[in-house]
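Quick note on labels: first sequence line is chain A, next is B, and so on, each numbered from 1.
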There are 2 protein chains.
Amino acid sequence: MLRLTRRAEYGLMAMAFLAGRSESHISVREIGNNLAIPKRLLAEVLKDLARGGLVEGARGPNGGYRLLAEPELLPLGRVVEVLEGPIHVADCADGGSCEHESGCAIQHGMRFVAGRIKQVLDQSTLSDLLESAPAAAPTPPPQRMPV
Amino acid sequence: MLRLTRRAEYGLMAMAFLAGRSESHISVREIGNNLAIPKRLLAEVLKDLARGGLVEGARGPNGGYRLLAEPELLPLGRVVEVLEGPIHVADCADGGSCEHESGCAIQHGMRFVAGRIKQVLDQSTLSDLLESAPAAAPTPPPQRMPV
DNA sequence: TTGAAGAGCATGAGATTAGTGCTAAATTAG
DNA sequence: CTAATTTAGCACTAATCTCATGCTCTTCAA
Ligand code: SF4
Ligand code: SF4
């Protein structure tokens, strides 16, 4: 239904929160208190982000999570993929396969549209999300599909 | 999960099929035979498209569906909205509301990203989908978010 | 040693979607 | 008029996915 999951959004909110204080580790409890998100679920999301290498977890007192990537260089698509898996607007898009692939008249066009959507996420960075002006920077050049 | 539903895709395939022969009405049976889609479901999808005013249904022998809109002027987003409802990449986007709205640090940026994604669908037309070169035409100008 | 915190795994409840069944209404052909 | 064709409308089941939570184990600092 062309919609981000809660997990992805919680993850983005958490990453954005961490982007501010990257000096020390911040606990799930503190993040959750600030973002009004179910803490237990937020913990699960952060675990996944840690597995994906986007944040670093530290146990024990004074433990928590710390941002690893640089906000200016971290595409939102990366975060989404870590939390939701590969982004496939349509089955055939981005390396995926579809049973209708042979003989689907819109396949080519579909792939292109799906690619453009993925581009939006790949060209917006975490810092863009915070500056509330994502993709203002790169603005892709005019693109024509290779026929 | 940032993905189009089957219904939307079936609808787009059907619309693309109808785009070719817009002179007469084509039955669900014939469309289904050509597209290898569960006919019963395809019928449901086409009914929704008819309700949405995108196609016109005619009953009886020689009945079927006929494209109403002009492929060059019909945005894909329109088709998707008719079949899936309003496009909300995030809850707060595009007029929607979210419980975290107050105090969400990424809300502004999120809305903008969601808007860009919606733009991709709104700027690609049905004929673009067929030509396998959607959005090659308009290529939006550089945009900066009003802060 | 103790308490704070993440890591890992599992599970239940809820929402959404895919797909099907059935009946009624309209329309055309004979 | 009758029969066949085809859409219109509604309901329903099964599968899938997401949200959310519970419990245990490990790590680590004080
Ligand atoms: S566009 Fe065609 S090939 Fe691609 S996922 Fe949709 S149906 Fe399959
Ligand atoms: S960005 Fe913030 S306000 Fe918008 S939907 Fe996500 S949580 Fe809600």
Side-chain angles (χ1 to χ4, degrees), chain A residues 1-11 13-14 18 24-33 35-68 80 83-88 90-91 98-100, chain B residues 1-11 13-14 18 24-33 35-68 80 83-88 90-91 98-100:
Chain A
M1 53 209 200
L2 209 62
R3 173 200 194 102
L4 290 174
T5 61
R6 286 282 178 203
R7 287 171 57 87
E9 223 176 308
Y10 291 163
M13 292 171 77
L18 290 178
S24 66
H25 290 216
I26 319 264
S27 71
V28 170
R29 184 159 47 84
E30 182 167 355
I31 302 177
N33 285 340
L35 299 185
I37 289 176
K39 294 192 189 60
R40 187 62 190 71
L41 179 55
L42 177 60
E44 214 67 21
V45 168
L46 280 162
K47 258 185 288 187
D48 289 347
L49 289 175
R51 280 189 200 137
L54 300 188
V55 301
E56 177 205 52
R59 311 194 209 188
N62 304 324
Y65 291 96
R66 188 173 63 88
L67 201 59
L68 282 184
V80 173
L83 294 174
E84 300 189 353
I87 298 176
H88 283 163
D91 282 356
C98 165
E99 48 180 347
H100 302 109
Chain B
M1 52 208 196
L2 210 61
R3 175 199 192 101
L4 290 174
T5 61
R6 286 283 178 201
R7 287 172 57 87
E9 223 176 305
Y10 291 164
M13 292 171 77
L18 290 179
S24 66
H25 289 212
I26 321 262
S27 71
V28 169
R29 185 160 45 85
E30 182 166 355
I31 302 177
N33 285 340
L35 299 185
I37 290 176
K39 295 192 189 60
R40 186 65 190 70
L41 180 54
L42 177 61
E44 215 67 20
V45 168
L46 280 162
K47 259 184 289 187
D48 288 349
L49 289 175
R51 281 191 199 134
L54 300 188
V55 300
E56 177 204 54
R59 312 196 209 188
N62 304 324
Y65 291 96
R66 189 172 62 88
L67 203 59
L68 282 185
V80 173
L83 293 175
E84 299 189 355
I87 299 176
H88 283 162
D91 282 357
C98 165
E99 48 180 346
H100 303 107

Would you say a side-chain N or O of Y10(A) is under 4.0 Å from OP1 or OP2 of dA20(D)? yes
Whole angstrom is fine here: how far is it from CD in E99(A) over to C1' in dG19(C)? 13 Å
Are L18(A) and I31(A) side-chain neighbours, meaning at least one heavy-atom pair lies under 4.5 Å? yes
Answer yes or no: is there a donor N or O on one side and an acceptor on the other, between the side chain of E84(A) and the main chain of T5(A), under 3.5 Å? yes
What is the separation between atom CG on L2(B) and atom P on dC17(D), rounded to the nearest whole Å? 16 Å
Rounded distance in Å - CG (L42(B)) to C1' (dG19(C)): 12 Å
Interface residues of residues 43-57 of chain A with DNA chain D (non-hydrogen, below 4.0 angstrom): none
Please report the shortest heavy-atom distance between H25(B) and G64(B), naming the atom on each side. ND1-O, 3.5 Å
Sub-3.5 Å pairs of nitrogen or oxygen atoms, protein against nucleotides 1-6 of chain D:
| unit_1 | atom_1 | unit_2 | atom_2 | d |
| --- | --- | --- | --- | --- |
| dT6(D) | OP1 | R29(B) | NH2 | 3.1 |
| dT6(D) | OP2 | R29(B) | NH2 | 2.8 |
| dT6(D) | O4' | G60(B) | O | 3.3 |
| dT6(D) | O2 | G60(B) | N | 3.4 |

How close do R7(B) and V45(B) get, heavy atom to heavy atom, and via which atoms? O-CG1, 3.8 Å
Rounded to whole Å, NE2 of H88(A) lies from C1' of dT16(D) at a distance of 18 Å
Let me know the distance between CZ of R7(A) and P of dA15(C), rounded to the nearest Å. 19 Å
Residue list, side-chain contact (heavy atoms from CB on, under 4.5 Å) with R51(A), at least two apart or on another chain: D48(A)
Identify the two heavy atoms, one from Y65(B) and one from A43(B), that lie closest to each other, and give their separation to 0.1 Å. OH-O, 4.4 Å
M1(B) CE to dT16(C) C1', in whole Å, measures 9 Å
How close or far is atom C1' of dA20(D) from atom CG of L83(A), stated in whole angstroms? 16 Å
NZ on K39(B) to CG on L46(B), rounded to 0.5 Å: 13.0 Å
Could you give the distance from CD (E9(A)) to NE2 (H100(B)), rounded to the nearest 0.5 Å? 8.5 Å
Just how far, in rounded Å, is P of dA18(C) from NE2 of H100(A)? 12 Å
Looking at A14(A) and L42(A), what are the two nearest heavy atoms and their distance? CB-CD1, 4.1 Å
